[in-house]
Each structure stands twice: as structure tokens, then as C-alpha cells.
Amino acid sequence: MKLLRVGPPGAERPVVLGRDGAAYDLSGRTADIDGAFLAALDPAELDRAVSAGELPVARIDGLRVGAPVVRPGKVVGIGLNYSCHAAEAGAREPAEPVVFLKPSYTVVGPDDEVLVPRGSEKTDYEVELAIVIGRTARYLESRSEAAAVIAGYATVNDVTERSFQNERGGQWDKGKSAETFTPLGPWLVTADEVADPQKLGLRLWVNGQLRQDGSTAEMIFPVPEVVRYVSQFMVLEPGDVIITGTPAGVTLGHPGTPFLRPADVVECEVEGLGRQRQVLGKA
């Protein structure tokens, strides 16, 4: 199933896209797509309800699409998870996943404006696969246990300010935490609809020019290992989001290529998970 939230910021309503391509209103079942809803989600039962005509049709044409999960409890980032990106960043391939956190207020809709922060010199993009957690998880012992706690997947742009990240004391969170820096969506595609999360293409364009063209097959640490590993250090809760790293092609790895500026247009997609489009503004 494809789950999404439509409407103005702070007033989105939950919707499911049926196999027939039509949108159906979930407001009678849940106030929002949040941790409680995801913890109880049964995609097969929801599919049955759609097929049985139990959900009203939703008119969503022309409406803003918000992030497919209401403000997550936390966004966990995984850095340098593609050898090609580690190489272009001048870093060694990590022996263990590199973990950082992004504030939940950075999460916005897939087509919302992204704001270049004040004092920015090197605002950059990173198309990534996002994992949405559906069950509480701590100290998972195996990759199979990890796979069982995943509610679904989404497209995400891990926007990053490189000078804040690398030149202001070496703390990654500084470069990852500006408002609007985590456009998420358009959909949460439930895990049963993604046959193999390690066989998804990722692409990103700036002003119509293809900058990133990779595959999740290139991940150093695959999806279930990322979830298992993170659960050793923090409790994962329903509605939490893990963003899993980016392939090569970021501006950082191409000297002479300009970093993002207001009025630039960034478009990105993960195969089967939908496409985003952001116009850059200024904070």
C-alpha cells in the first residue's frame, strides 16, 4: 500500500492509494499516519477494506502532499554508506555504520520549499532511501528480526550544509539540522510492496541536470543490518525514520560545481517510492 498525507502544513489528512490508483480517505480509521497507526497497521487488512469499498474516495488533485509520517520522534542518519560516496568525500569506507541524528522539525513534504540557511556557503543534496519503523525495537539480534520491524520505505533528500558539517568543529549535526532539511515522501510504501530494498535505483537532478544515479545495491551496510545495528544504541519506536546514506554525485565530490542557491530546483526519486521536487528559498 502507498500511504500519504495531504493538505496544508499542520492540517494534513491521511490517505491510502489503492491498487486501482484511486485515493481513499483514512480519517475514519486514524487521525493521522503516526506511530500508533503504524504499530497497528496490517497492509493486507487495509487492502481488503479498500477492495470492499469500506473507505470513502478522497479528492486529492491539486492538494499539497506532506511528509507521509507525521513528525517522527527521531530521524536517524547513516553516513558514508556507499563506497563511491565515501571516496568522493575523501573518507575511508567505515568499518561500522556512521550514525547521526536530525531533528524531527527538519522533516517537510516532498515538494515543500527548502531553505538555504543563513551563513550557508555549501548547501548540498543527498538522495536516499528512508526506512520507516513500525514496531518498537531494542537490541535486535538478527537481520530477520530487523526486517520485521520495518513498516515501509520512502524517498528522502538528506539536505546538508557542508561548511557547517565539516568546517565548524567537525560536528555533523550542525550541517544536518536546519529547518526543511529532510524532505520526505511523497509516499510511505509498505514493506510488503518492496520486494528487495537492495535493488532500488536512486536519482537526483539539479536544474534538470542529472547529478546522482545509483542503486541501493551499492550500500556497504544493507537495510536490515542498519536497523539491527542502530537498535544496539537507541530504542527505535513506531514512526521513527532512518535515512540510509547516499550514492556518489553530491556537490561536495565535484570541485567547481556550485552548491545549491535560492531559486535552484532539486528533483529526486527512489525507484517505486515516488519523486520529489523542491525549489530552494532562503531562511
Electrostatic pair [X]:[Y] at N-O distance under 4.0 angstrom:
| X | Y | result |
| --- | --- | --- |
| Arg228 | Glu145 | no |
| Asp158 | Lys176 | yes |
| Lys199 | Glu271 | no |
| Arg162 | Glu126 | yes |

What do you reckon, is [atom1] of [X] surrounded by more than 12 foreign heavy atoms closer than 6.0 Å?
| X | atom1 | value |
| --- | --- | --- |
| Asp61 | CG | no |
| Glu179 | CD | no |
| Arg29 | CZ | yes |
| Arg168 | CZ | no |
| Glu45 | CD | yes |
| Arg138 | CZ | no |

Q: Please lay out, stage by stage, how Asp124 and Thr251 fare under the test side chain to side chain donor-acceptor pair (under 3.5 Å).
A: CA-CA 6 Å; Asp124 209 346; Thr251 310; 2.9 Å; yes
I'd like to know if the side chain of [X] reaches the main chain of [Y], judged simply by a donor and an acceptor atom lying under 3.5 Å from each other, with no hydrogens or angles considered.
| X | Y | value |
| --- | --- | --- |
| Gln276 | Gly185 | yes |
| Arg277 | Asp111 | no |
| Thr123 | Leu260 | no |
| Gln212 | Val127 | yes |
| Ser177 | Lys174 | no |
| Lys2 | Gly274 | no |
| Glu161 | Glu121 | yes |
| Glu93 | Ala86 | no |
| Ser231 | Leu140 | yes |
| Glu218 | Pro247 | no |

Q: Under the side chain to side chain contact (heavy atoms under 4.5 Å, CB included) rule, what do Thr216 and Tyr82 come out as? Steps first, then yes or no, please.
A: CA-CA 9 Å; Thr216 56; Tyr82 290 71; 3.8 Å; yes
**Q.** Chi angles and distances behind the side chain to side chain donor-acceptor pair (under 3.5 Å) call for Gln278, Asn157
**A.** CA-CA 10 Å; Gln278 298 106 36; Asn157 182 2; 3.0 Å; yes
What closest approach, in Å, do [X] and [Y] show between heavy atoms, and which atom pair accounts for it?
| X | Y | answer |
| --- | --- | --- |
| Ile242 | Ile133 | CD1-CD1, 4.2 Å |
| Tyr105 | Arg71 | CB-NH2, 3.5 Å |
| Ile78 | Pro97 | CG2-CB, 4.3 Å |

Q. Of Leu63, Leu4, Thr30, Leu26, which meets side-chain contact (heavy atoms from CB on, under 4.5 Å) against Arg13?
A. Leu63
Q: List the steps, then state whether side chain to side chain contact (heavy atoms under 4.5 Å, CB included) holds for Arg275 with Arg203.
A: CA-CA 9 Å; Arg275 188 174 177 120; Arg203 286 168 289 274; over 6 Å; no
Spacing of [X] atom [atom1] and [Y] atom [atom2] [to the nearest 0.5 Å]:
| X | Y | atom1 | atom2 | answer |
| --- | --- | --- | --- | --- |
| Leu204 | Arg211 | CG | CZ | 8.5 Å |
| Ile131 | Leu188 | CD1 | CG | 11.5 Å |
| Ile60 | Leu17 | CD1 | CG | 5.5 Å |

